[in-house]
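One structure below.
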Amino acid sequence: MKTIPDEKSPKKRKERRIRLPFHVWLTYLLICTLLATGVSSARYVSTSTAGDSTRTAVLAVNASSSGSGNTLTIDKNNQSAGYSFTVANEDNGTVCETTLQYDVIVELSNPLPADVSMELASDDGVTVVPDNMTGNTCTFSDVGIFEAGIEENDSYTLVFQTTGSPSVSCVINADVSVRAEQID
């Protein structure tokens with residue numbers, strides 16, 4: 001005779017698993033993630049005391065002219081004119097501690113006449129034309145580089161000359177400035 005298994009016997013009993021809803025699992029993962037990131041980012045928090053100090057690099061660039069002024073005249077007797085200036089990485093005895101690349105910006109009082117050109121000539125014999133001319137502002141980009149900690153002076157002449165008719169006559173007022181950026 002066979003015995004009929006009881007409902008409570010291990011063979012017939014089905015184990016019911018407790019299944020959590022999906023949103024509960026997401027909440028659980030979110031809490032675990034927040035705990036893990038809170039612990040890991042807490043290691044990167046720092047404090048300072050009154051004895052701490054910082055040092056910043058000195059940034060010095062200077063443009064100066066030794067000429068008689070920034071007003072130039074071009075006419076039939078004088079078909080070219082120049083404005084000389086020097087760019088230095090030293091200001092009041094302080095040499096720049098970072099490597100700098102600089103642009104020369106020329107601000108004119110009036111737009112140049114069509115028959116007058118402008119070039120920037122260095123003492124090294126390199127001549128460049130403005131790569132950006134907007135209204136009365138002319139920009140010569142990436143003109144020079146100063147190495148960090150080495151005192152340097154670069155001399156330039158801004159040359160204006162007639163390109164067409166020799167009867168062109170104009171007075172040019174030019175203000176020169178330098179825009180520098182750290183490249184190291």
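Any value given below was found using the heavy atoms of this structure, including those in side chains, with hydrogens, waters and symmetry copies removed.
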Q) Where do Glu152 and Glu147 come nearest, in terms of heavy atoms and distance? A) OE2-N, 2.9 Å

(Q) Which heavy atom of Ser109 sits nearest to which heavy atom of Asn136, and what is that distance? (A) O-ND2, 3.3 Å

Q) What distance separates Leu120 CG from Met118 CE, expressed to the nearest 0.5 Å? A) 9.0 Å

Q.
Through direct or indirect side-chain contacts below 4.5 angstrom among Ile, Leu, Val, Met, Phe, Trp and Tyr, which residues connect to Ile145?
A. Ile183

Q. Does the pair Thr162 and Asp115 meet the rule for a side chain to side chain donor-acceptor pair (under 3.5 Å), with working shown?
A. CA-CA 6 Å; Thr162 59; Asp115 290 341; over 6 Å; no

Q: Give the minimum heavy-atom separation between Val129 and Glu119, together with the two atoms involved.
A: CG1-CG, 4.1 Å

Q. Nearest heavy-atom pair of Gln161 and Ser80: which atoms, and what distance?
A. CB-CB, 3.7 Å

Q.
Grouping I, L, V, M, F, W and Y whenever their side-chain heavy atoms are under 4.5 Å apart, do Ile105 and Leu158 come out in a common cluster?
A. no

Q. Is Asp154 close to Ser122 at the side-chain level, that is, under 4.5 Å between some pair of heavy atoms?
A. no

Q | Linked, directly or transitively: Leu20 and Tyr28 (ILVMFWY side chains, under 4.5 Å) | A | yes

Q) When rounded to the nearest 0.5 angstrom, what is the spacing between OH in Tyr156 and OG1 in Thr127? A) 11.5 Å

Q | From Thr98 atom OG1 to Leu100 atom CG, the distance as rounded to the nearest 0.5 Å | A | 4.0 Å

Q: Report yes if some heavy atom in the side chain of Trp25 is under 4.5 Å from a heavy atom in the side chain of Leu30; otherwise report no.
A: no

Q: Treat each ILVMFWY residue as a node, draw an edge where side-chain heavy atoms are under 4.5 Å apart, and state whether Met133 and Ile172 are in one component.
A: yes

Q.
Show the nearest heavy-atom pair for residues Asn89 and Ile150, with the distance to one decimal.
A. ND2-O, 2.7 Å

**Q.** Shortest non-hydrogen contact between Val87 and Phe146, atoms and distance
**A.** O-CZ, 3.4 Å

Q: With sequence neighbours left out, write down each residue that passes side-chain hydrogen bond (donor to acceptor under 3.5 Å, both in side chains) with Glu107, or none if nothing qualifies.
A: Thr137

Q: Decide whether Tyr102 and Val126 are clustered together by the hydrophobic rule: side chain heavy atoms of Ile, Leu, Val, Met, Phe, Trp, Tyr closer than 4.5 Å, transitively.
A: yes

Q: Taking the side chain as every heavy atom from C-beta outward, state whether Val176 and Val104 have any pair of such atoms under 4.5 Å apart.
A: yes

Q: Find out if a path of hydrophobic residues (ILVMFWY) with successive side-chain heavy-atom gaps under 4.5 Å connects Leu112 to Val171.
A: no

Q.
As an exercise, state the distance from CG of Asp142 to CG of Asp103, rounded to the nearest 0.5 Å.
A. 5.5 Å

Q: Please round to the nearest 0.5 Å and tell me the distance separating atom CD of Glu181 and atom CD of Gln101.
A: 5.5 Å

Q.
Checking one residue: Val159. Which other hydrophobic residues are in its cluster under the side-chain 4.5 Å linking rule?
A. none

